[in-house]
Amino acid sequence: MSNFLKHTKSYFNQTDTIFWAISFSMSILSLLLLLSVSRTSDFGFFRTQLLAITLGYIGAFVITRSDYRIIADHYIIVATVCISLILCTLIFGTAITGNSGIDAKAWLKLPGGISFQPSELAKIGFIVTFSKHLSILKEKDELKSFLNVALLGAHALVPVALTHLQGDDGAAIIFFFMFLFMSFAGGVQLRYFAALFAIIVLSIPILWNHVFADYQKQRIINQINPEADPLASGFQQIQGKISIGSGKLFGTGLFNGPRVASSSVPIQESDFIFSVAGEELGFIGCIIVILLLLLMLLRTLKIAALSSDCLGSCMCFGFFGVVASQAIFNLGMCLSILPVMGVTLPFFSAGGSSSACLYLGVGLIQSVFMQRNDDDLNRLV
């Protein structure tokens, strides 16, 4: 027993304990919120989240026992697995119809009635492969070449296009913003970002007329005035705002929210988990949720600054991109600032695939921290 405690203490001394503390705090709060959501049912959301978090931490531990550079050296295997899984969803995947007509064929049915969403694993895979791509170009001082920047864009276009074909445009948007964050951190020149912005602006008419689905157009239109269609397209956001506002300063109390108990907000366990925090924990609870996310983002940037190489810092910015973009889009749609787009709140929303894979990202960041003084780039054996 004493040896186990000694090894455990030694392990945590090598890692960033502050980063662990933040992730543990979010895990506990997530479980409490989902326990409240599940209290009138069979506690399925709670059990799934508990299992996902447990598996995620096991995966994170395994990753920290390796070297992120060794993982990145196997980028071809990582890319092949992730792309193959997403392609499988296009052929064998299950479509889950959600709110406002979303019909995303983004899940694989596994034995035991378990559903797995490969795009969540692909986000972590993209952190690995795109970071490796960027670091190779930066080491060779080839990031100024238009061709190489275009190839980076082509690299990012693969997951963006595949998730769009699934019907999961929320995931496609997250991949796009991961690409932006990582490219900026890797040193891609600002003129390329300006050119990309100009292309997007000029493409808006084409996107509106030939790419956006009818329900997506309706969501954007309704965003101007959700109350114009309070019983259909505006229903979810209106009910979410009512729940958040009903909590006032301190909330109705954990497990005591009447609107949570009656499931007044559609998909409150996932896309609108923030409404549960608002109703039961009030303004104070909402601030705690946002503060925990902000602390994790700031700590990730700190570890990026400590990284011994470009690969490690790019991985940190990739993880930063996932958490920051998902948090901004989710909170934006919960507060009716942005249209609903099926993006979950990282570390808090229900969703076994998302939760477990996010903790794999935590493991990558911890690995970067643990190798921060390894300037000679020696590999672990």
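Count residues from 1 along the sequence. Quick caveat: nothing in here was measured; it's all calculated off a predicted structure.
The line from CD1 of Ile28 to CG of Leu33 is 12.0 Å long, rounded to the nearest 0.5 Å. Separating the CG atom in Leu360 from the CD1 atom in Ile127 is a distance of 10.0 Å, to the nearest 0.5 Å.
In this model, a donor atom of one side chain and an acceptor atom of the other lie less than 3.5 Å apart for Tyr11 and Thr64. Inspection of the Ser262 and Arg259 side chains reveals no N or O donor paired with an N or O acceptor under 3.5 Å. If you check the side chains of Gln117 and Asp168, you find a donor sitting under 3.5 Å from an acceptor.
Closest approach of Ser313 and Ser307 over heavy atoms only: N-OG, 3.3 Å. Closest non-hydrogen pair, Phe348 versus Leu29, comes out as CE2-CD2, 3.7 Å. Minimum heavy-atom separation, Ser243 to Val265: OG-CG2, 3.3 Å. Nearest heavy atom pair, residue Ser270 against residue Ser349, reads O-OG, 2.5 Å. Closest of all the heavy-atom pairs between Phe12 and Thr17 is O-CG2, 3.3 Å. The two residues Thr89 and Pro118 have their closest heavy-atom pair at CG2-CG, 3.4 Å.
A centroid separation of 6.0 Å or more is found between the aromatic rings of Phe317 and Phe184. Between Tyr57 and Tyr359, the ring centre distance stays below 6.0 Å. Remark: aromatic rings of Phe19 and Phe369 are distant, center separation not under 6.0 Å. Here Phe283 and Phe250 keep their ring centres 6.0 angstrom or further from each other.
Heavy atoms from other residues, nucleotides or ligands lying under 6.0 Å from CZ of Phe24 number more than 12. Crowding of Lys248 atom NZ: a count of heavy atoms from other residues, nucleotides or ligands under 6.0 Å not exceeding 12. Under a cut-off of 6.0 angstrom, the local environment of CZ in Phe255 is crowded, with over 12 non-hydrogen atoms contributed by other residues, nucleotides or ligands. Around the OH atom of Tyr75, the shell of radius 6.0 Å holds no more than 12 heavy atoms that belong to other residues, nucleotides or ligands. Around the CZ atom of Phe45, the shell of radius 6.0 Å holds no more than 12 heavy atoms that belong to other residues, nucleotides or ligands.
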Could you give me the CA-CA distance, side-chain angles and deciding distance for Lys132 and Asp73, then say whether salt bridge (charged side-chain N to carboxylate O under 4.0 Å, His left out) is met? CA-CA 8 Å; Lys132 183 65 175 180; Asp73 284 343; 3.0 Å; yes
With side chain to side chain contact (heavy atoms under 4.5 Å, CB included) as the criterion, how do Met333 and Asn330 come out once you've worked through the C-alpha distance, each side chain's angles and the decisive distance to 0.1 Å? CA-CA 5 Å; Met333 69 186 195; Asn330 181 272; 3.6 Å; yes
Let's go through Gln49 and Ser355 carefully: what are the C-alpha distance in whole Å and the side-chain angles of both, what is the deciding distance for side-chain hydrogen bond (donor to acceptor under 3.5 Å, both in side chains) to 0.1 Å, and is it a yes or a no? CA-CA 7 Å; Gln49 190 78 347; Ser355 298; 3.1 Å; yes
Apply side chain to side chain contact (heavy atoms under 4.5 Å, CB included) to the pair Gln366 and Asp16, showing each step before the final yes or no. CA-CA 7 Å; Gln366 288 286 10; Asp16 187 346; 3.6 Å; yes
Side chain to side chain contact (heavy atoms under 4.5 Å, CB included) evaluation trace for Cys286 with Phe274: CA-CA 7 Å; Cys286 290; Phe274 192 68; 3.5 Å; yes
Evaluate the side chain to side chain contact (heavy atoms under 4.5 Å, CB included) criterion for residues Gln326 and Val322: first the C-alpha distance (whole Å), next the side-chain angles of each, then the deciding distance (0.1 Å), finally the verdict. CA-CA 6 Å; Gln326 286 195 197; Val322 174; 3.9 Å; yes
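Between Leu331 and Leu338 the shortest side-chain heavy-atom distance does not fall below 4.5 Å. In this structure, Gln268 and Ile273 have side chains that are not in contact, with every pair of non-hydrogen atoms separated by 4.5 Å or more. No side-chain heavy atom of Thr94 sits less than 4.5 Å from a side-chain heavy atom of Ser115. Counting heavy atoms from C-beta on, the side chains of Val368 and Leu364 never come closer than 4.5 Å. Within the 4.5 Å cutoff, no side-chain heavy atoms of Cys310 are placed close to those of Met315.
Because its NZ or CZ atom is not both nearer than 6.0 Å to the ring centre of Phe43 and within 45° of the ring axis, Arg47 does not count as a cation-pi partner of that residue.
Using the six-membered ring where Trp is involved, Phe179 and Phe176 have ring planes that are tilted, between 30° and 60° apart. Relative orientation of the Phe329 and Phe177 rings is perpendicular, given thresholds of 30° and 60° on the angle between their planes.
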